[in-house]
Amino acid sequence: MSTSPRVVIIGAGIVGANLADELTARGWTNITVLEQGPLHLAGGSTSHAPGLVFQTNASKTMTEFASYTVDKLLSLRKDGQPCFWQLGGLEVATTPERLEELKRRLGFITSWGVEGRLIDPDECEKHYPLLDRDRVLGGLHVPSDGLALAARAVQLLIERASAAGVVFRGSTTVTGVREEGGRVAAVVTDDGEVPADVVVSCAGFWGPKVGAMVGMDIPLLPLAHQYVKTTPVAELAGRNELPNGARLPILRHQDADLYYREHGERIGIGSYAHRPMPVDLDELPSFTAEQMSEHRMPSRLDFTPEDFEPSWQESQRLLPMLRGARIEDGFNGIFSFTPDGGPLIGESPDVKASSSPRPSG
Ligand SMILES: Cc1cc2nc3c(=O)[nH]c(=O)nc-3n(C[C@H](O)[C@H](O)[C@H](O)COP(=O)(O)OP(=O)(O)OC[C@H]3O[C@@H](n4cnc5c(N)ncnc54)[C@H](O)[C@@H]3O)c2cc1C
């Protein structure tokens, strides 16, 4: 008989679904994932993420995690269809300082095993013909970067973990954690209790709410981040048929805190250049499972066009064909930010697991 501890994971976004999958791969057998949203579109940050996977990061560990993610996403397929397309990543420099930074980046990713190349403006234009070649001083090209369909990746992870015995319960909101003698005993939900030896919060930007259930302060702030899709642009005509709607590399313009991907005939633009937009968790929109859709979910707030205006101007300078386009759809999407930008991982100092956090059977 299995003596695997009873693990309850709170949240079935990309983190919770991956954790369940990784635990089963390591022999854990007694896992339940509780998700407040419907499992097919939970409504957290993962449900609206455009799926860019750049591996270059100044932290060796984060770069290695990103490379692991690329390998893992490549391994997830169903009916011959992938959920990740290795289109490459291009980060361009429009200032001499950024070009120097790209040289530094090439140095560290190379030493950490990620292949990349510094390319001149002509080659940048070859990889990304929509660029204004004269604005670009050079670029860092990483062929193994790419574009995921995040929601599909979660579905494939849920299927694989379910096949390995994990129980996923959607439309089940965790409302508390019951403790006995300073150790977890059960997770309390709006649909009864689930006994637990180990509880893992993968609640994303709802983390502070879950932490508060056991009196824990979680140093994490939900902030909105802007993302838009343009109207169709002539240069991309006919691309709606492409898998995941993209052929060009994913593009980063860090001098202006911007990134880009194709959505068929449209361009998607993400911006970090706006004012900080902290979000009050008590004021999130709420939807029933039936109401939830790509455009209606708790992690998607109304677009504030005035905040995006400088990013739109800059995007039209970098990609001149956007001068004939408009913003068709935009939103202020919520996700988590910690003081150092890293993840929060580890056992609570206040509430212990009820058994050693490793399987023994
Ligand atoms: C506009 C935008 C664009 C982005 N683009 C990218 C990108 O291109 N590439 C990239 O890598 N990242 C991107 N991100 C970031 C990325 O979306 C997040 O880092 C990631 O999705 C976080 O995953 P998660 O599983 O931690 O959180 P979530 O996906 O939010 O999952 C947490 C889950 O926990 C559930 N939950 C919370 N509380 C409870 C409770 N009490 N009971 C039960 N369930 C609960 C929620 O319903 C939710 O489904 C983007 C973010 C935004 C906002």
Side-chain angles (χ1 to χ4, degrees), residues 8-20 32-55 57 62 65-66 69-70 73 84 89 145-151 153-154 157-158 168-177 187-191 194 199-213 218 220 222-229 250-252 259-261 268-272 274 277 279 281 284 286-287 289 292 297-301 303 308 329-338 341-345:
V8 173
I9 296 171
I10 304 171
I14 195 73
V15 175
N18 259 304
L19 178 63
T32 305
V33 182
L34 303 173
E35 168 55 55
Q36 65 190 1
L39 288 177
H40 70 275
L41 190 72
S45 310
T46 310
S47 300
H48 60 53
L52 290 83
V53 182
F54 287 100
Q55 296 161 88
N57 189 289
M62 294 311 288
F65 273 139
T69 298
V70 164
L73 288 167
F84 182 69
D145 285 348
L147 201 48
L149 261 179
V154 170
L157 286 165
I158 289 178
F168 284 85
R169 284 174 57 183
S171 301
T172 306
T173 302
V174 172
T175 54
V177 175
V187 171
V188 184
T189 79
D190 57 358
D191 188 26
V194 184
V199 179
V200 190
S201 171
C202 298
F205 65 80
W206 283 273
K209 282 214 161 220
V210 173
M213 293 174 192
I218 305 291
L220 175 164
L223 285 161
H225 154 55
Q226 293 198 295
Y227 192 80
V228 306
K229 286 183 193 171
I250 52 175
L251 180 69
R252 266 209 288 205
Y259 63 87
Y260 304 86
R261 61 155 289 182
I269 310 171
S271 170
Y272 289 98
H274 48 76
M277 300 187 209
V279 174
L281 289 178
L284 292 182
S286 76
F287 303 101
M292 203 91 86
M297 55 177 90
S299 60
R300 197 182 146 121
L301 303 179
F303 184 55
F308 198 78
D329 180 26
F331 64 97
N332 294 358
I334 311 171
F335 75 117
S336 315
F337 290 82
T338 56
L344 295 171
I345 304 176

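Every number for a ligand or one of its atoms is a count from 1 in the order of the listing.
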Handout entry: Side chain, backbone, both or neither: the part of Cys202 lying under 4.0 Å from ligand 1 by heavy atom
Key = backbone

Problem - Identity and distance of the protein heavy atom lying nearest atom 29 (O) of ligand 1 - result: Thr46 OG1, 2.5 Å

Fill in the blank from the handout: If you scan protein heavy atoms around atom 1 (C) of ligand 1, the nearest is His225 CD2, 3.4 Å

Handout entry: Contact (N/O only, under 3.5 Å) between Ile14 and ligand 1
Key = yes

Handout entry: Short N or O distance, Leu52 and ligand 1, threshold 3.5 Å exclusive
Key = yes

Problem - Pairing of Arg300 and Asp329 as salt bridge, 4.0 angstrom limit - result: yes

Exercise for the section: Please indicate whether any nitrogen or oxygen in Val15 is less than 3.5 Å from any nitrogen or oxygen in ligand 1. Expected result: yes

Fill in the blank from the handout: All heavy atoms of Gln55 vs all of Ala66, minimum pair found to be CA-CB, 3.7 Å

Exercise for the section: Supply the atom-to-atom distance Tyr259 OH to Ile269 CD1, rounded to the nearest 0.5 angstrom. Expected result: 10.5 Å

Completion exercise
Note: Thr172, heavy atoms under 4.0 Å from ligand 1, region reported as backbone

Practice task
Give yes if a backbone or side-chain nitrogen or oxygen of Gln226 is under 3.5 Å from a nitrogen or oxygen of ligand 1, and no if not.
Solution key: no

Practice task
Could you tell me whether Thr173 and ligand 1 have an N or O pair separated by under 3.5 Å?
Solution key: no

Practice task
Give the ring-plane orientation class for His225 versus Tyr272, where under 30° counts as parallel, over 60° as perpendicular and anything between as tilted.
Solution key: parallel

Practice task
Can you sort out which atoms of ligand 1 are near Gly13, meaning under 4.0 Å from one of its heavy atoms?
Solution key: 25 (O), 29 (O), 31 (O)

Completion exercise
The answer for which part of Leu34 has a heavy atom under 4.0 Å from ligand 1 is backbone

Handout entry: His48 contact mode with ligand 1 (heavy-atom cut-off under 4.0 Å)
Key = side chain

Handout entry: Numbering as shown, the atoms of ligand 1 that approach Gly333 to under 4.0 Å (heavy-atom distance)
Key = 53 (C)

Exercise for the section: Please work out which of Phe335, Phe331, Phe54 has its closest non-hydrogen atom nearest to atom 51 (C) of ligand 1. Expected result: Phe335

Problem - Atoms in ligand 1 flagged as close to Gly51, the criterion being non-hydrogen separation under 4.0 Å - result: 7 (C), 8 (O)

Practice task
Below 4.0 angstrom from a heavy atom of Gly204, which ligand 1 atoms are there? Numbered from 1 as shown, please.
Solution key: 26 (O), 27 (O), 32 (C)

Exercise for the section: Identify which of Gly43, Gly330, Ser47, Ser45 has a heavy atom lying nearest to atom 22 (C) of ligand 1. Expected result: Ser45

Handout entry: Backbone or side-chain N or O of Trp206 under 3.5 Å from ligand 1 N or O
Key = no

Exercise for the section: Would you check whether Val174 has a nitrogen or oxygen atom less than 3.5 angstrom from a nitrogen or oxygen atom of ligand 1? Expected result: yes

Practice task
Measure from atom 11 (O) of ligand 1 to the protein's non-hydrogen atoms and state whether any distance is below 4.0 Å.
Solution key: yes

Problem - Contact with ligand 1 for Tyr259, non-hydrogen, under 4.0 angstrom - result: yes

Handout entry: Residue Ile334 vicinity, atoms of ligand 1 by number, heavy atom under 4.0 Å
Key = 53 (C)

Handout entry: Min heavy-atom dist Gly270 to ligand 1 below 4.0 Å
Key = no

Fill in the blank from the handout: Gly11 heavy atoms within 4.0 Å reach ligand 1 at atoms 33 (C), 34 (O), 35 (C)

Handout entry: Per-atom contacts, ligand 1 versus Ala49 - under 4.0 Å to a heavy atom
Key = 17 (O)

Exercise for the section: Would you check whether Tyr227 has a nitrogen or oxygen atom less than 3.5 angstrom from a nitrogen or oxygen atom of ligand 1? Expected result: no

